Structures are given as structure tokens and as C-alpha cells.
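Just so it is clear, the values below take in all heavy atoms, side chains as well, and ignore hydrogens, waters and symmetry mates. What you see is a predicted model, and the numbers here were worked out from it, not measured in a lab. Reminder, nothing fancy here: chain letters follow the sequence lines and each chain counts from 1.
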Number of protein chains: 2
Amino acid sequence: MSRSVSIVIDNVFYTLQSAPVSYSRVTIHDVAARAGVSVSTVSKVLNDRYGVATSTVDRVRAVIAELGYESSLVARSLRNHRTNVIGVLVWDIEPYSAELLKGAARAIKGTGYELVVYAAGGKGAERMGWEHRYLSRLSGTLIDGAVMVTPTVDTAPFSTPVVAVDPHTGSEVPTVDSDNFRGAQLAVEHLLGLGHRRIGLLRRPPRDLESGPQREEGYRSALQAAGITPDPDLVRAGGYDDSASEDAARQLLTLPDRPTAIFAANDVSAITTIDVAMALGLRVPGDLSVIGFDNVPESAMTEPGLTTIEQPLQLMGQRAIEMLVELLAGRDLPQTHVRLPTRLVVRGSCAAPPAEPRRVAVEHSAAR
Amino acid sequence: MSRSVSIVIDNVFYTLQSAPVSYSRVTIHDVAARAGVSVSTVSKVLNDRYGVATSTVDRVRAVIAELGYESSLVARSLRNHRTNVIGVLVWDIEPYSAELLKGAARAIKGTGYELVVYAAGGKGAERMGWEHRYLSRLSGTLIDGAVMVTPTVDTAPFSTPVVAVDPHTGSEVPTVDSDNFRGAQLAVEHLLGLGHRRIGLLRRPPRDLESGPQREEGYRSALQAAGITPDPDLVRAGGYDDSASEDAARQLLTLPDRPTAIFAANDVSAITTIDVAMALGLRVPGDLSVIGFDNVPESAMTEPGLTTIEQPLQLMGQRAIEMLVELLAGRDLPQTHVRLPTRLVVRGSCAAPPAEPRRVAVEHSAAR
DNA sequence: GTGAAAGCGCTAACAA
DNA sequence: TTGTTAGCGCTTTCAC
């Protein structure tokens, strides 16, 4: 053990402590030696195999308890190729993936599986191919199956069952995503219903997730259904960093015939749009209505009044686990591509368009 | 590969697919055989060891790429006792732990470690001792160190460095928690400042986390500092299920000389308190002020107007990782018990006490 | 009923 | 420069 001394200053505990003494792991050998039996006998006891005398079982059990022995998950999974562990692979734990994880954790209960989340956590540069690398390194050993929360799911087949959440197009693996197309439609329909006719789209960066084009399609489809020809000038691409979205929003809003509403295919860019609008002297929703596609439930906290299209992230995580468990049980999935509904949540950022859309002063648009 | 057929009905993709063909794992043996070298040579190439001819290195590398080989984390960690993986052990992934995880994921970046989260996910019954069991099964292999997000941290020493978040009292291991005492003080001081004199405490169930008593102490301390003797009648214990908190809140509010403000040592019970108050015909904050101790950032969404004491959960997760990394580097911690500040976030649920506290009708109190 | 031996995929001595 | 060998902690034949 280690000894320590603590003092408290200003409500902060300061404790000085000697380095903790290291105790090495108790292995099956230790148990065998102490019980006076062979390793294989201990193994049999551990796994409830037949052919061990009751008295021996008792003795071994006693020693196991005495030593506090627990078998090594690693050694065991190297031998057996079953681990009863499901892995969820995420690039990072941020609000989006955290939400999925909550659902996954809920779904795993009672399945007999345990949940392990792997977060890559490296720099952006190493990102390429990490999902494949991780899956390779873990599958066959350590995890029985995986849920991949990652854009690029390698189509290369694995021995391990895999379910992908919100991946790129065309992946061969079973998939869970949300209805981006319908979500975008809902957003635009809502704006149309309020009387808007010039509706801008702040879309995602090119070559992004599959959901990007889907949202754009929904936007176009809703406009066309209302007899409006989409104006290419009203569609701009945002980016992953704030400044790209900011530029795009500014371009839209300083157009001579600017949109009276903007649908941002991403919650962060929706918030950016509101900021830009305010900086340009426009009021939301008086002069401009904004709807964001929600990736992050907390965005409603950041911008309490933002009307959003919400994805059922927890449910997506839950369904992914359920599907994987089916797969692991050797059953066929009734549907390999599950698409969950999105819904419109109306908050304060939308209103009818102004009778006479106020133009933004040119000075403003140049300023920055 | 597998062949599949998809149809779309009502925006849901239904895909029927034959069972995927299984491919077995590529091992170091496969690589060695294909490259015409021994396994150990491949291992040397993998680990950039000296003493391999450049031509051989190239050939092996080519085969590795060709076969898409990745070394098994499990086999490797059984051999080496270093894995460069930090484990975070949580009982479940819910809003509280998810928040900690976000901070942990942020902190791990750039440390060279990878993050693995283990969620126990079993039934409540198996809960006893799971932290010890998991740690046993993982330490020495698979993870180099662990952050335990769990009430009962076994004081039994492990070979593996461990940092505990918000544990029971008296744990020997390094610890991160938040300043529950000061937080409770802040809450009560705020209520006193508004003019309240009869302030109830809805405290945690007995034998709960260490933070329970700490919050109760803060409550008493703030009252006493204001010259008020804590009235034992104004202190009731909630429970983990809603109904226990509901009963406690009802008892407090139907007291002949009921409190004009309640400090709930937990966010869920604060929301319950507001519900009960409203059911009893009391308005918040007109007739009753409520402050909750926040475990879950989202509670502000559920009850947007709730004044809370907030814990820096993400920061706690971050600090825990930082401490663990220090420990793993073999350095001593400047402080083994880190206590992070809590802060008061004022929202609409508090106001000055009514001049004449309205009594709750007895019929009401009996009803249920 | 029990234990010796082989091997899961890998690394690190040591020989060749 | 390369391959052989032993062994990480465990399970599983298969003799005894």
C-alpha cells in the first residue's frame, strides 16, 4: 500500500503520496499451485466442465475466492474465438456519437453481451483507414461483432459481423441511418407553409457523408413539389470549420435578391447563419427564418430558439446493436438497411417572410 | 460476398440478403508464408526492429499491404504487457457518464494512448463487485491504466494505475470529484440572498455516494453561517426511483410551516419537486423556489427554467485522463485528490419568497 | 478424475 | 540477416 498526507487549502485537497506498490496479476497458475492441482483442472472448474471431483471443485473455488482471481479476458479470447463483447468503433466521443452510445448502451442490456467503445482519438491525418485497421485488429479476437460509427465503411468483408451507422453510400454492410431526404423535405415544406418562396440551402461540404446529397435532394424535391424551380444561386456549400459556413451564409444573405429563409443542412452552420444574419443587421425570425438539420441534441441548448430537423440518434444506436445481436445469433435480418424517421421541431427561429425583404447594406457585406 | 435485393416502401428500405460469407482472419503466419520468410522476421518488420535486409522488409511490407494484414491487439497485448490503451470503466452510458466520456475523449488526444470504454451493462444484481472484476480481467493485459466511473472503488491495489471519478469516501486511489460541499453552499446562499429563511433539503438516499453527505453538509453550513438553525423537519431523503423523491417532496410541501424554497441534491428530484408543487397548486417560483444539483447537463433541457448547481463533468473526465497519463509516465501526481469547482447557474425557478406563504390544502396532501 | 501437451497470434531471446 | 525456440494466460484434446 501507499501512505499519503493530505492538506486542504481553499476547498482543494492536496495530497502527497508515495508511489503505489505494484502487485502482479493473479493467474491461473497461481490458483493451480495454491490448490495443488493442475492448470487444466482449474480451467475445468472455471468453465463448469464435467469430470472434476466435487471436493476438488470446492477447493479450487475456495482458492479462487481467496486470491480474488479473475481470468484474463485477453488470454481467454485468444483461445476461444468468442468473447461476448460487442465493439462500437467511433472516431471520437462528441455529442453526436455520445448520443448514439447512450442508445447502444441501453440496447445491450439483457442481451448477454458487453459493450466496448473504441475511440480512435488520433490526429486527423491518421484518420484514413482507421476503421478498417481497428476492425482488423479487434475482430476474431476481443469482439464478436462491431458497430461502426464512421463515414467510410470499408466494403471489404470481414469475418466479423458489422453494422454501420450513417455511412457513405453503397456500403455492403447492414446499415442504420435516419431519413435525411424526408427531413429536408419537412424543413422546406414548413418554410413554404409559412409563405417563403426564396429558400436558401446551406449544404454540406462536397464529398461528405451520404446524408449531404440526401438532404439536398429533399430540399429540391420539396421546392419542386411546390412548383418552385430551385435557384442554383441559393445553394451554397458550408464546410467543417466555422469560417466556411460563415462565408457561405454571408454570400447568401448579401445576394441582391436574398432568400427570406435558409435551411442549413447541419446544426452548427444554422447557428452560424443566425450569427451572420444578426451581424448583417437582420433579425431572426423577423427578416430571416432559419432551420437547421440537427446532429447534436445539445444544439438546442446553445441556440434555444432554433427550429430543427431532429434525428433519433439514441434510437439509431439502439437499432444498430439490435441488428448486430441478430446477426451474431446467426439469424438473417429482415431488413439490412434501416432508415429511421426524422422530425421537425418548431422553435422560435421561423416566421412568415417579411412583406418587403429588407436588403442588406453593401457596406455590411464587404465588412468583415 | 452476398447478394441482396432491396425494395422501398414508405421511405423505409427493405433489403433481403443472403447470409454473408465468412472470411477468416489474416495472421502473421499467412504473411510469413506468402513472403517466404519466418514469422519472427515478419514480427521484426512490424516492429521496426534492426537486422532485417531492406529487400526483405520491402517484400514483407508488400505482402502486408496485399493481404491487408493488421496485427491482433489481443495477441500482442498478451505478449507485451504494454498496450497504449487506457480503459474507462463505466456501469452504463447515460447522460452523466457520457458527459465525462466526452471530456476523456478530448483529453486523450495527442497523448499517444487510445481510449476504450467498457460498459458493464448487466442487470443490477451483478453490479456488486463488477468494477473489481473488470479491472482484474483487463489489467495487465489490454489496458495500461483505468479510469473508474463507479461508486465503489475497491481499495485493493492493482498492478494497474487507476484514477477514480466521484467515488465513495476513503478510497486510496487518486480521485477526481467536484466540490459538492461548496455547490450546496452556493445554492443555499443564493436562496438566503433572495430572502428565504425556511429552506428544505431533498437529500439523496442513505448510503449513497460520498457526494450526498457533502451536499448535506454544505446546506447546513450555509444555513448556520446565516444564523439559521437547520430544522430536521425540512430535510427528507429522496430515492433512486421517482416515487421516493415524489413522496419526500410532498411531505415537505404539505408541512404546516412549509419551506418556501427547496434545494434538491439531485436534478431529477428537483424536477420531480416542481411537478409535485404544481400538482399541489403551488407556483414556481411564485410560491416556491427550487434549486437542483445537476448531474446531467440535459436536465436544463427537460426543465429549461431550473436553477442548478452545475458540475464540470467534461472537465472531470479530462482531468482524470490527464492524471492517469501522468501516472503511466511514472511521474508522481502533485495532488492525488482533485476537486473541481461547481457553479450556480441561475434560471427561472427561484424568486423571493411570498410575503405570506400559501398553505397547501389538506385535501391535496392526502390525494395521490 | 486428473494432468501433460499443444496451440490461439504474437514477440524476444538466442542460435545459426 | 535469418530462423528456431520459448512463452504470455488460457482452453482443450487425450493419455493416464
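Within the nucleic acid shown, Ser77(B) has no heavy atom closer than 4.0 Å to any nucleic acid atom.
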(request) Quick one: do Leu324(B) and Leu328(B) satisfy side-chain contact (heavy atoms from CB on, under 4.5 Å)? Show the steps, please. (result) CA-CA 6 Å; Leu324(B) 191 54; Leu328(B) 288 170; 4.2 Å; yes

(request) Report the C-alpha distance between Val37(A) and Thr56(A) in whole Å, list the side-chain angles of each, state the deciding distance to 0.1 Å, and finish with yes or no for side-chain contact (heavy atoms from CB on, under 4.5 Å). (result) CA-CA 8 Å; Val37(A) 294; Thr56(A) 313; 3.9 Å; yes

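For the pair Asp144(A)/Arg82(A), a side-chain contact is recorded, criterion being any heavy-atom separation below 4.5 Å from C-beta on. Taking the side chain as every heavy atom from C-beta outward, Ser55(A) and Asp58(A) never approach each other to under 4.5 Å.
Where the helix from dG1(C)-dC16(D) to dA16(C)-dT1(D) starts and where it ends, the local axes point in directions that differ by 50°; five pairs per end, rounded to 10°.
Enclosure of atom CZ in Arg34(A) is not indicated, since only 12 or fewer non-hydrogen atoms of other residues, nucleotides or ligands lie within 6.0 angstrom. Heavy atoms of other residues, nucleotides or ligands lying less than 6.0 angstrom from CZ of Arg137(B) number more than 12.
Nucleotides of DNA chain C with any atom under 4.0 Å from a heavy atom of chain B span, from 5' to 3', dG9(C) to dA12(C).
Side-chain atoms of Glu70(B) and Tyr134(A) form no donor-acceptor pair, as typed in the model, at a separation below 3.5 Å. Side-chain polar atoms of Ser40(B) and Ser43(B) form no donor-acceptor pair below 3.5 angstrom.
Put simply, the side chain of Asn80(A) never gets that close to the backbone of Ser77(A): no donor and acceptor are under 3.5 Å apart.
When Val176(A), Val147(A), Leu100(A) are each tested for a side-chain contact (heavy atoms from CB on, under 4.5 Å) with Ile321(A), only one passes: Val147(A).
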(request) If a protein heavy atom is under 4.0 Å from the base, mark B; if only from the sugar-phosphate, S; if neither, -; do that for nucleotides 7-16 of chain D going 5' to 3'. (result) BBBBBB----

